[in-house]
Protein chains: 2
Amino acid sequence: MTLMTTIEEESVPKKSVVIHKKNLRLKSVLSYLYQEGACTLAQLADVAHTSIPSVTGLVEQLMEEGWVSSNGIVTGNNGRRPALFGLRPDGHYVIVLDSNTHDTRLLIVNPLRQIVFQRTVNRRLEDTAEFLDFLAQFVTETLAGSVIPKTAILAMGLAIPGLIDARRDLNLTYSSLNPTSQSITAWLEERLDLPVYLINDTKATALGENRFGGGLGKKHVLSINIDWGVGLGIILDGKVFQGASGYAGELGHIQVDPDGELCYCGKVGCLDTITSASSLVRRVQRAVLDGCVSQLAAQQNDVSQITIHHVIEAAHQGDAFAIDQLHETGYQLGKGLSIAINLFNPEVIIVDGVLAQAAVFITNPIEQAINKHCLSGFRNDLTVEVTKLNGAAKWLGTHAYVMENLFADF
Amino acid sequence: MTLMTTIEEESVPKKSVVIHKKNLRLKSVLSYLYQEGACTLAQLADVAHTSIPSVTGLVEQLMEEGWVSSNGIVTGNNGRRPALFGLRPDGHYVIVLDSNTHDTRLLIVNPLRQIVFQRTVNRRLEDTAEFLDFLAQFVTETLAGSVIPKTAILAMGLAIPGLIDARRDLNLTYSSLNPTSQSITAWLEERLDLPVYLINDTKATALGENRFGGGLGKKHVLSINIDWGVGLGIILDGKVFQGASGYAGELGHIQVDPDGELCYCGKVGCLDTITSASSLVRRVQRAVLDGCVSQLAAQQNDVSQITIHHVIEAAHQGDAFAIDQLHETGYQLGKGLSIAINLFNPEVIIVDGVLAQAAVFITNPIEQAINKHCLSGFRNDLTVEVTKLNGAAKWLGTHAYVMENLFADF
DNA sequence: CAATGTTTTTAAAAATATTTATTAACTCAG
DNA sequence: CTGAGTTAATAAATATTTTTAAAAACATTG
């Protein structure tokens with residue numbers, strides 16, 4: 001599947017510099033249009049570092065290829081109004097597949113980041129070889145049943161949790177997923193006949209926040225995803241930071257308590273064991289059994305029914321016990337985050353995941369811990385925010401990851 | 001002071017794209033020549049993404065401006081031998097000023113990274129307003145006494161320890177250094193009539209290692225500098241990582257022991273209090289007083305004479321006590337480093353500073369700790385090395401920092 | 001030692017991009 | 001509602017860069 005009419009000749013071994021430069025300009029035009037929406041030729045000439053006549057030619061080419069369409073004109077300005085150009089919403093769809101510990105979700109997203117099709121299935125990510133089969137089948141089936149023709153789909157992005165080897169596209173945590181002699185992406189690409197991009201879910205969330213959420217325009221962003229564990233997504237210099245192998249950001253498994261609980265990773269006293277949403281719920285359940293004073297005590301006869309949502313709900317209603325519990329988790333999390341802050345010196349920290357709904361009940365204790373455990377210099381340039389994307393950060397980030405990689409491959 | 005005959009016109013508000021592109025090409029040619037030494041036109045055309053006739057023009061221009069000279073021809077190859085071009089060693093000198101807790105050192109370095117003049121004065125970095133005066137005077141005096149004309153000097157790089165605000169060029173640790181209403185660099189620039197670049201010493205060391213030492217060609221490098229404290233220098237994507245404000249990499253002040261010693265930073269149980277060379281010496285001195293079995297016990301009547309060099313020397317001679325002490329420091333350091341590894345997922349860790357002389361006596365325990373505290377994925381792609389630059393990493397890195405910034409400003 | 005093959009350099013031609021100038025579209029004031 | 005003032009798009013002219021071709025420099029080999 002070709003991305004676009006390649007400018008390249010058939011049998012030229014070394015890419016000519018003029019083609020290389022033209023591709024570079026096409027890439028920056030498309031990236032800019034993707035990020036900013038409709039733009040004028042002047043703006044595009046600016047970002048592509050070229051002249052208006054040149055960029056006019058590029059845009060014409062992209063219009064012929066179905067990427068771009070004329071998109072009205074600017075109003076209100078003085079003088080002649082510039083024409084606007086933007087990505088076309090039809091065609092060039094990307095599949096975003098999000099498989100996590102709750103369910104599996106497939107989105108078909110257009111270049112304007114609108115969801116044109118959506119399907120969720122109640123099957124959670126499993127550490128089995130069959131699960132990849134399921135994913136491939138799920139995609140194939142869904143596509144067969146949808147009105148969107150396969151040829152209109154450009155690529156797929158797969159966001160999953162776990163330690164992902166970004167060079168070999170393997171998942172070290174859910175290692176049964178890895179095909180015997182191939183990468184996850186190569187396996188899926190073969191089955192689906194589509195370019196596939198693999199990204200860790202937390203990294204996708206961070207990218208989504210950086211491109212379209214609270215971290216918009218910021219260079220260095222940390223995003224924490226509090227769910228089963230604590231995931232840290234890192235944006236440095238406006239790019240997803242992967243590290244040498246793709247494992248960067250394992251905050252959940254740094255040791256914070258040498259005498260702590262045994263973590264599922266095999267080590268002792270990991271941050272995960274203290275500050276994840278699941279450990280919070282476990283603590284609450286135990287306390288309710290022990291007869292604590294709280295509206296959550298109403299569930300005393302079946303504490304297993306208590307979920308993180310109940311705790312957050314209770315806190316919002318003023319339940320002191322719930323607030324204290326969230327405070328404790330937030331404070332411990334903030335302590336762990338302080339380490340990351342000392343090392344990364346970020347501009348924003350964005351709280352994502354289920355605990356984001358706890359709003360100030362989680363950000364306040366985090367800030368408190370940061371104030372105590374970081375030098376003042378770090379704090380002055382730092383804000384702690386809760387996501388405003390309402391859970392969309394992950395798929396938005398996955399989509400952006402796919403699109404930006406596609407553009408980069410020109 | 002102009003870097004080179006600017007191609008820019010006098011009163012053009014918006015830089016024309018053709019000038020911008022030419023400057024970009026000049027920059028990549030100069031950077032490449034600086035990094036690689038002598039090159040052929042074909043190589044330069046390659047890195048500048050342009051044609052050979054074009055790069056020939058650029059090189060001719062740089063030769064006229066005194067940057068570049070013809071540098072012999074390649075021998076041995078088949079076919080016509082290409083001419084080599086390289087930076088000229090005369091002129092375009094850069095002053096490297098290194099002020100630390102031991103002494104203050106001034107180097108004049110040519111574009112080939114050869115030291116053409118050197119002067120060390122036995123005055124250590126002080127947290128006083130007068131110290132900046134001293135630095136300026138030291139530079140002025142030295143220049144006046146040297147045969148190198150002031151006009152041949154392009155810029156100065158100042159490497160100092162401490163938390164440096166890279167956007168405002170202030171030192172938060174040695175805060176008395178900061179001029180009342182200016183940055184450190186602006187103040188020095190005014191006094192010396194030279195562009196001045198400020199860089200944290202550990203970051204300079206990391207850059208030196210990445211460009212010319214063990215981290216050569218690697219993308220993600222951590223360099224630890226063990227001296228009075230523990231400094232972590234971070235190279236990500238081949239660039240010095242500064243973070244939002246320039247504070248990135250404060251490994252020394254993450255809390256590793258909540259019940260530990262009080263650190264000079266005001267917090268408790270910082271890594272610095274456990275793993276710095278100075279704390280190691282303190283522990284050794286105490287043990288010697290307590291009558292431990294070691295060749296170091298010979299100094300029992302005046303333990304204050306025992307330095308880190310004695311301990312390392314003893315270890316190399318097989319002294320079990322010294323080896324144990326180094327092991328303990330290395331292991332604790334490795335534990336702290338494991339956190340940074342979990343977050344940065346680097347390719348190499350390079351040990352610098354006085355403890356580098358301890359060689360395997362320090363790297364072995366570090367590796368041991370990493371093996372215990374990091375997931376296997378991280379370890380597989382990671383090596384721990386001792387610097388091979390013999391203490392030159394810092395000034396080499398400072399020089400590279402200045403040169404690369406100068407080129408970038410074209 | 002000349003012929004052949006290889007690679008760099010230089011020169012001329014072709015392609016491409018940028019500037020400048022012109023035309024078009026539109027406000028707003030009088 | 002007309003003309004001055006603005007800004008955008010287009011066209012023509014200019015400049016630059018790349019490509020292609022030819023020449024030069026050198027090694028190898030029969």
Side-chain angles (χ1 to χ4, degrees), chain A residues 5-29 38-63 68-86, chain B residues 6-29 38-64 68-86:
Chain A
T5 321
T6 52
I7 313 146
E8 219 164 335
E9 284 296 311
E10 235 62 65
S11 57
V12 180
K14 192 191 144 216
K15 211 189 251 184
S16 130
V17 299
V18 60
I19 292 170
H20 170 258
K21 285 176 185 172
K22 186 160 188 175
N23 285 344
L24 232 59
R25 284 193 296 264
L26 284 169
K27 171 191 140 80
S28 45
V29 166
C39 302
T40 68
L41 290 173
Q43 284 176 290
L44 294 175
D46 234 45
V47 296
H49 289 299
T50 186
S51 62
I52 287 171
S54 289
V55 93
T56 308
L58 294 177
V59 167
E60 270 164 12
Q61 183 188 332
L62 289 172
M63 279 169 56
V68 169
S69 66
S70 182
N71 213 338
I73 48 171
V74 170
T75 55
N77 251 356
N78 210 3
R80 176 171 173 176
R81 277 83 174 270
L84 286 172
F85 297 89
Chain B
T6 52
I7 312 147
E8 219 165 333
E9 285 296 309
E10 234 62 65
S11 55
V12 180
K14 193 193 141 214
K15 212 189 248 184
S16 131
V17 299
V18 59
I19 292 170
H20 170 258
K21 286 176 185 172
K22 185 157 188 177
N23 285 343
L24 231 61
R25 286 194 295 264
L26 283 169
K27 170 191 140 82
S28 46
V29 166
C39 302
T40 69
L41 289 173
Q43 284 176 289
L44 293 175
D46 234 45
V47 296
H49 290 297
T50 187
S51 63
I52 288 171
S54 288
V55 93
T56 308
L58 293 178
V59 167
E60 270 165 11
Q61 182 187 337
L62 289 172
M63 280 168 60
E64 274 173 29
V68 169
S69 65
S70 180
N71 214 339
I73 49 173
V74 170
T75 55
N77 251 359
N78 209 6
R80 176 169 172 175
R81 277 84 174 269
L84 286 172
F85 297 89

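Values below: all heavy atoms of this structure, side chains included; hydrogens, waters and symmetry mates excluded.
Contacts between residues 49-58 of chain B and DNA chain D, counted as heavy-atom distances below 4.0 Å, involve B/Thr50, B/Ser51, B/Pro53, B/Ser54.
With values rounded to the nearest 0.5 angstrom, B/Thr40 atom OG1 is found 14.0 Å from B/Arg81 atom CZ. Atoms SG and CG, on A/Cys39 and A/Asp46 in that order, are 11.0 Å from each other to the nearest 0.5 Å.
Nucleotide C/dT8 holds its P atom 11 Å from the CG atom of B/Leu84, rounded to whole Å.
Bounding nucleotides for the chain B contact on DNA chain D, 5' to 3', at a heavy-atom distance below 4.0 Å, are D/dT17 to D/dA27.
By the side-chain contact (heavy atoms from CB on, under 4.5 Å) test, A/Thr56 pairs with A/Leu41, A/Ile52, A/Glu60, sequence neighbours left out. Not counting sequence neighbours, the partners of B/Ser51 by the side chain to side chain donor-acceptor pair (under 3.5 Å) test are B/Ser54. Scanning for side-chain contact (heavy atoms from CB on, under 4.5 Å) contacts around B/Asn71 gives B/Ala38, B/Leu84, with sequence neighbours left out. For B/Ser70, there are no side chain to side chain donor-acceptor pair (under 3.5 Å) partners at least two apart in sequence or on another chain. In this structure A/Arg25 satisfies the side-chain contact (heavy atoms from CB on, under 4.5 Å) test together with A/Lys21, A/Lys22, A/Ala48, A/Thr50, A/Leu58, B/Lys21, sequence neighbours excluded.
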Which pairs, protein N/O on one side and nucleotides 22-26 of chain C N/O on the other, fall under 3.5 Å?
| unit_1 | atom_1 | unit_2 | atom_2 | d |
| --- | --- | --- | --- | --- |
| C/dA24 | N3 | A/Arg80 | NH1 | 3.4 |
| C/dA25 | N3 | A/Arg80 | N | 3.4 |
| C/dC26 | O3' | A/Arg81 | NE | 3.4 |

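In this structure the side chain of A/Leu26 reaches within 4.5 angstrom of the side chain of A/Gln61, judged on heavy atoms.
Using a 4.0 Å heavy-atom cutoff across all strands shown, A/Ala42 reaches no nucleic acid atom at all.
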